[in-house]
Structure formats: C-alpha cells, structure tokens
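Let me begin by presenting the structure, written as structure tokens, before commenting on it.
None of the values given here were measured: they were computed from a predicted structure. We use all heavy atoms of the structure for the numbers below, so side chains are in, but hydrogens, waters and symmetry mates are not.
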Amino acid sequence: MDINAILKRIKNGDRSAFTLVVQQFQQPLFGYLGRMGLTQSLAEDIAQETFLRAWKRLDDYDPTRAEFSTWLFTIARNLALHELERASSKREVASDESLPNFVCDGMQPADVLNQNQQRQRLRAALYALPVTDRSALALAYFQELDLAAVARIEGCSTGAIKVRLHRAKQRLRQLLEKHDE
Amino acid sequence: MNKDLDNLLTSGLLQVPDDFTERVMREINRLPQPAPRQTWRDRLQSLAMIGAVTVGIIELFSFIFGIWTATVAY
C-alpha cells in the first residue's frame with residue numbers, strides 16, 4: 001500500500017493504519033540497526049523509539065521535501081548515533097552473544113554454525129569502522145534509499161557518500177580477509 | 001568477495017521479534033493523535049489576527065466615543 005495513502009488515513013484519525021507503517025519499515029529498520037553494530041535488545045529499543053517519535057512528529061513530515069523512508073531513517077540514524085556515542089563513552093561493547101540464531105528449515109547444524117560465525121565476523125568488522133562510514137554503509141543497503149537519500153540523511157553531498165561507501169567497503173573487505181587468514 | 005559481502009550485509013544481522021508490531025502499537029495507543037506543530041508562519045498569522053482584532057475593537061470604541069461626544073455636546 002502507498003505510504004502517502006496510509007499517512008492520509010492516520011491524519012483522518014485511523015490510528016490502526018500506523019500498523020501498516022510499522023510492518024512496512026520494521027524489517028529494513030532492524031537491518032540498518034544490525035549493520036550499525038547494535039545488539040538485538042538495543043535495536044529493539046531504538047526501532048520502537050523511532051516509530052514512537054515518527055508518530056509524535058507525523059505532522060512535521062512534508063512529502064514534498066523528502067520520501068517518508070528518508071524521514072524515518074533520519075530519526076533512526078540520530079537515535080542510533082546517540083546510542084553508540086553513549087555506549088562508547090560508557091565503554092560498552094556489543095557482545096557476540098547478542099546475535100540471534102537464524103535457523104531456517106532444512107539447514108544442517110554445521111550450516112547454522114557457519115552462518116552464525118560469518119555474521120559474527122561481519123559484525124566485529126563493522127564495529128571496527130568509523131561510525132559515520134558504518135552509518136552510510138548501513139543505509140546504502142536499504143534498497144529504497146538511493147545515494148541522494150543516503151546523502152540527505154547523513155547531511156553531506158552525494159560525492160562524499162560515494163567516497164565513504166568505497167572506503168567502508170574496502171576496509172570491511174580487508175578486515176574480513178584478515179580474519180579469514 | 002564483493003558478492004559475498006553484499007549477501008552478508010543484505011541478509012541482516014538481527015531479527016524482528018514476532019510481537020514487535022503489537023508492542024509498538026500498544027505504546028502508540030497510549031499516545032495522543034499527532035497534533036500539528038506551530039511554525040513561525042502560523043505564529044505570525046496568529047499575531048496578525050490578534051493585532052487586527054485589537055485595532056478593530058479600538059476603532060469600534062472610538063466610533064462609539066465619537067457618537068457619545070457629539071450627542072453630549074448638544
């Protein structure tokens with residue numbers, strides 16, 4: 001369903017239509033927060049707070065200025081950066097145990113183990129990236145956001161985003177290769 | 001490596017809890033309906049309206065006062 005139609009329903013007093021907003025964006029939001037290196041519990045708190053803030057400020061959203069996804073991810077980014085800053089000042093480091101186990105039907109235990117190890121390596125590598133590069137990379141993997149939208153959320157030019165993405169991917173590859181050796 | 005990295009990054013590191021939507025909606029239902037926030041333009045409009053009403057009332061009273069002074073003079 002078109003997001004603007006959903007927002008119109010909410011403005012007309014249909015509170016339950018917000019369920020559709022949550023259902024549409026929860027998966028990409030968790031994807032983004034995971035790539036930002038947040039733990040499962042922190043990501044749940046931030047994702048919930050993102051939706052609550054979006055609800056409170058829904059009237060501030062202007063569809064002529066930006067896509068809803070850009071607006072929503074700007075809220076999520078600010079909350080995530082604030083949380084990471086707070087965590088780093090308290091020297092809290094995301095533990096590997098906080099990764100949920102993804103088990104798909106028909107998967108062998110060895111595959112599950114291998115997949116979880118891969119994800120833990122990726123997470124450690126992501127954590128080693130500067131937070132601004134990590135954020136750009138995390139946003140870029142959400143299909144609905146193009147480079148211009150990512151640049152808008154990050155508050156810089158498209159050129160700067162391209163540089164950040166290139167640098168982040170290169171560093172990530174190096175870190176993962178180093179780990180594989 | 002590029003493709004592997006892309007796949008890893010797209011696969012997602014976290015899972016959305018099954019009850020996440022219900023959890024969010026429970027909190028949303030406790031909040032009031034979003035109200036439009038006043039912008040500087042809205043505030044300017046309100047000020048202009050208050051100013052115009054004040055001028056109107058002064059005009060009305062000076063008119064009444066004018067009539068009163070004219071009738072009292074005779």
Query raised in the report: Just wondering, are more than 12 heavy atoms of other shown residues or ligands nearer than 6.0 Å to CG in B:D18?
Result: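 At most 12 heavy atoms, drawn from other residues, nucleotides or ligands, come within 6.0 Å of this atom.
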Report task. Can you tell which part of A:A47 gets under 4.5 Å to a heavy atom of chain B, answering side chain, backbone, both or neither? Result ->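 For A:A47, the contact with chain B is made by backbone and side chain together.
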Query raised in the report: For A:L52, is it the side chain, the backbone, both or neither that has a heavy atom under 4.5 Å from a heavy atom of chain B?
Result: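 Looking at A:L52, backbone and side chain both touch chain B.
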Heavy-atom closest pair, residues [X] and [Y]:
| X | Y | result |
| --- | --- | --- |
| B:V16 | A:F30 | CG2-CD1, 3.7 Å |
| B:L14 | A:A43 | CD1-CB, 3.3 Å |
| A:Q26 | B:F20 | OE1-CD2, 3.2 Å |

Query raised in the report: With the 4.5 Å side-chain cut-off for hydrophobic clustering, are B:V72 and B:F65 part of the same group?
Result: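 Looking at the clustering, B:F65 is in the same group as B:V72.
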Report task. Treat each ILVMFWY residue as a node, draw an edge where side-chain heavy atoms are under 4.5 Å apart, and state whether B:V53 and B:F61 are in one component. Result ->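 Linked within one cluster.
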From [atom1] ([X]) to [atom2] ([Y]), nearest 0.5 Å:
| X | Y | atom1 | atom2 | result |
| --- | --- | --- | --- | --- |
| B:M25 | A:F51 | CE | CZ | 10.5 Å |
| A:F18 | B:T21 | CZ | OG1 | 11.0 Å |
| B:L13 | A:Q120 | CG | CD | 10.0 Å |

Query raised in the report: If you tally heavy-atom pairs under 4.5 Å against chain A, which of B:V24, B:T10, B:I28, B:L31 wins?
Result: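 Heavy-atom pair counts peak at B:I28.
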Query raised in the report: Can you check whether B:D6 reaches A:Y141 side chain to side chain, under 4.5 Å on heavy atoms?
Result: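 Result yes, sub-4.5 Å side-chain heavy-atom pair found.
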Report task. Would you mind telling me which of A:T19, A:L33, A:L29, A:L126 has the largest number of heavy-atom pairs within less than 4.5 Å of chain B? Result ->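 When all of A:T19, A:L33, A:L29, A:L126 are compared, A:T19 has the most.
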Report task. Please assess B:Q33 against A:I10 for the test side chain to side chain contact (heavy atoms under 4.5 Å, CB included), listing each intermediate value before the final yes or no. Result -> CA-CA 9 Å; B:Q33 192 77 13; A:I10 298 168; 4.2 Å; yes
